[in-house]
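Excluded from the calculations below are hydrogen atoms, water molecules and symmetry mates; all remaining heavy atoms, backbone and side chain alike, are included. Positions are given from 1 along the sequence.
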Amino acid sequence: MNAAIRRATVFALALVLVAAGAALAQMDRFVPVTDEMLVNAADDPNNWLMWRRTYNHWGYSPLDQINRDNVASLQLVWARAMEPGLQETTPLVYNGIMYLVHSPDVVEALDATTGDLIWRYERELPEVYPPLAFANRNIAIYQDKIFLATADAALVALDARTGQVVWEQQVGDWTVGQHYSGGPMVVKGKVIAGMSGCYYINTRCFVTAHDPETGEELWRTYTIPAPGEPGDETWNGLPLELRYGGSAWMSASYDPELDLIFQGTAVPIQWTSAQRGTGDGDVLYTNSTLALDPDT
C-alpha cells in the first residue's frame, strides 16, 4: 500500500469514527419523550415521533427545504439494506437518530445523517408463525423506550439508547394465528396495541393497553363481543367460538381534545352472512371504527 492510499484510508477511518462518536454522543444526551411532546408533535417539524407523525395520522411534514423547484436535483446520500420480506414501515426520527423497524421484527437505531448503525435488535421468532405476519408497519417511542409489537403476538420494550430488552409481554397466542401487523402507539402514558390474525375458529381479536414501565396489561377490549356483552345481539345467536375476524390490524389514532382513541377493525370471517349464519346482523364490532376511552 503506497503512502497516498494509506493516508486516504486513515482519513476515511477517522471520518467513520468521528461520525460514530457523534451518534453515540447524541445517545448520551438522550432526552426522554414525554406525553406533552407527543400531543404537540405537530409543532415539532424536526422530529417524527409516531407512525404518521401526529396523533391525527395526517402524515404531513411542514418542512420546506425540499420543494417543487429543487426536488428533481435530489441525490442519494446513503443507503442501507433491509431484511428480505414485506416492508411497509415508516421510521421514527428523534434528535437525529432514525429508529427503523423492518420485517420480521428487526429494529435498528441509525445515525440519520450518515446511516451508520448505532444498535440493532433482532427477535428470535418461532420456527412456524403466521404467514401474514411479515409486515411491521411501525414502532413507538416514549420516555427512553422503543416499543415493538411482534409477529408472535408479543410486545417488547427496548432501551432507546442501547437496544437492550427492558421487558417483554406475551399478549396473544401465535399458535392460533394471532399476531401484530400494525404497531403500538402511546396515549396518556399507556402503550396501546391492536391484535390481528383472528382468521380461525375460536379466536377473538382485541385492543390492549399496557404499562410502559413493566408491560403489565391495564385493559382489554375485544373487537367481537361475547354473549351478554353489548353488541352480542348483532351476531344473531351465533356461538362465540364461531365468531372471528375483526382484526385490529392498523395502528390507532387519537384525539387529545375528545380524549378518544379511534381504532379501525377488519371484516368478519366468514366473509358473507350466508357462510356465517348471522342473517342481517351488523356483526359488531367488525368492519367498524371503535372510539375507546384511553383510561378504561
Side-chain angles (χ1 to χ4, degrees), residues 50-52 82-92 98-110 117 119-187 190-200 203-223 246-252 263-266:
M50 60 191 86
W51 175 48
R52 301 288 290 161
M82 298 174 68
E83 293 294 314
L86 181 63
Q87 306 297 348
E88 300 181 5
T89 187
T90 299
L92 306 179
M98 176 181 290
Y99 296 95
L100 174 67
V101 60
H102 41 122
S103 179
D105 293 342
V106 174
V107 182
E108 294 177 333
L110 308 173
L117 179 67
W119 57 252
R120 174 183 169 96
Y121 166 83
E122 185 171 350
R123 183 167 179 78
E124 185 175 346
L125 291 167
E127 289 187 9
V128 179
Y129 65 100
L132 294 179
F134 290 135
N136 294 93
R137 292 186 175 88
N138 66 283
I139 46 181
I141 185 171
Y142 181 64
Q143 297 172 340
D144 57 353
K145 301 177 186 66
I146 300 294
F147 299 97
L148 168 70
T150 73
D152 57 343
L155 285 176
V156 179
L158 306 174
D159 187 314
R161 300 178 182 89
T162 66
Q164 296 297 309
V165 175
V166 179
W167 55 257
E168 179 179 325
Q169 182 82 7
Q170 190 66 48
V171 183
D173 183 357
W174 67 267
T175 66
V176 298
Q178 290 180 338
H179 64 272
Y180 286 109
S181 59
M185 67 179 302
V186 177
V187 173
K190 300 177 182 66
V191 182
I192 311 294
M195 187 63 64
S196 294
C198 298
Y199 310 126
Y200 308 106
T203 59
R204 284 195 297 164
C205 280
F206 45 82
V207 181
T208 54
H210 299 261
D211 186 312
E213 293 295 329
T214 64
E216 176 190 0
E217 187 173 313
L218 303 175
W219 54 253
R220 176 177 295 207
T221 297
Y222 283 95
T223 60
S247 292
W249 62 282
M250 296 291 280
S251 182
Q263 176 69 60
T265 63

### Query
Does the T162 side chain pair with the main chain of Q164, one donor and one acceptor, at a distance under 3.5 Å?
yes
### Query
Step by step, would you call V176 with Y200 a side chain to side chain contact (heavy atoms under 4.5 Å, CB included)?
CA-CA 7 Å; V176 298; Y200 308 106; 5.7 Å; no
### Task
Provide the closest heavy-atom pair for P184 versus A140 in the form atom of the first, atom of the second, distance.
O-CB, 3.5 Å
### Query
If you measure from OG on S247 to CZ on R204, what distance do you get to the nearest 0.5 Å?
13.5 Å
### Query
What distance separates Y99 OH from I139 CD1, expressed to the nearest 0.5 Å?
9.0 Å
### Query
What heavy-atom pair brings C198 and Q178 nearest, and what distance separates the two atoms?
SG-NE2, 3.9 Å
### Message
Among residues at least two apart in sequence or on other chains, which ones pass side chain to side chain donor-acceptor pair (under 3.5 Å) with D173?
### Response
T175
### Spacing of H102 atom NE2 and Q87 atom CD [to the nearest 0.5 Å]
7.0 Å
### Query
Which atom names give the shortest non-hydrogen contact between T223 and G246, and what distance separates them?
OG1-O, 2.9 Å
### Task
Check step by step if side chain to side chain contact (heavy atoms under 4.5 Å, CB included) holds for W174 and L125.
CA-CA 10 Å; W174 67 267; L125 291 167; over 6 Å; no
### Query
Heavy atoms, side chains only, cut-off 4.5 Å: are Y121 and V156 in contact?
yes
### Gap between atom CD1 of I146 and atom CG of L92 - 0.5 Å precision
6.0 Å
### Task
Grab the two heavy atoms, one from A149 and one from G182, that are nearest each other, plus how far apart they are.
CB-O, 4.3 Å
#### Entry: With N136, the side chain to side chain contact (heavy atoms under 4.5 Å, CB included) member among T150, D105, V107
D105
#### Entry: Pairing residues for P91 by the side chain to side chain contact (heavy atoms under 4.5 Å, CB included) criterion, not counting sequence neighbours
M98, L100
#### Entry: Evaluation steps, side chain to side chain donor-acceptor pair (under 3.5 Å), between S181 and S196
CA-CA 7 Å; S181 59; S196 294; 3.2 Å; yes
### Message
Using side chain to side chain contact (heavy atoms under 4.5 Å, CB included), reason through E108 and M82 one step at a time and then give a plain yes or no.
### Response
CA-CA 10 Å; E108 294 177 333; M82 298 174 68; over 6 Å; no
### Message
For the backbone of P212 and the side chain of W167, can you confirm whether one donor and one acceptor N or O come within less than 3.5 Å of each other?
### Response
yes
#### Entry: Residues that Q170 engages under side chain to side chain donor-acceptor pair (under 3.5 Å), provided they are two or more places apart
none
### Message
My understanding is that only residues two or more places apart in sequence, or in another chain, count here; which of them pass side chain to side chain contact (heavy atoms under 4.5 Å, CB included) with T208?
### Response
V171, Y180, F206, H210, E217, R220
### Query
Nearest heavy-atom pair of V207 and W219: which atoms, and what distance?
O-CZ3, 3.6 Å
### Task
Would you confirm whether E122, through its side chain, and P104, through its main-chain N or O, come within 3.5 Å as a donor-acceptor pair?
no
#### Entry: S251: partners by side chain to side chain contact (heavy atoms under 4.5 Å, CB included), with sequence neighbours left out
W51, H57, N138, M185
### A151 to H179 - nearest heavy-atom pair and separation
O-CB, 3.1 Å
### Task
Could I get the full list of side chain to side chain donor-acceptor pair (under 3.5 Å) partners for R52, not counting sequence neighbours?
none
### Task
For salt bridge (charged side-chain N to carboxylate O under 4.0 Å, His left out), just list the numbers for E83 and R123, CA-CA rounded to whole Å, side-chain angles, deciding distance to a tenth of an Å, and then say yes or no.
CA-CA 13 Å; E83 293 294 314; R123 183 167 179 78; over 6 Å; no
### Message
Using side chain to side chain contact (heavy atoms under 4.5 Å, CB included), reason through L155 and L148 one step at a time and then give a plain yes or no.
### Response
CA-CA 6 Å; L155 285 176; L148 168 70; over 6 Å; no
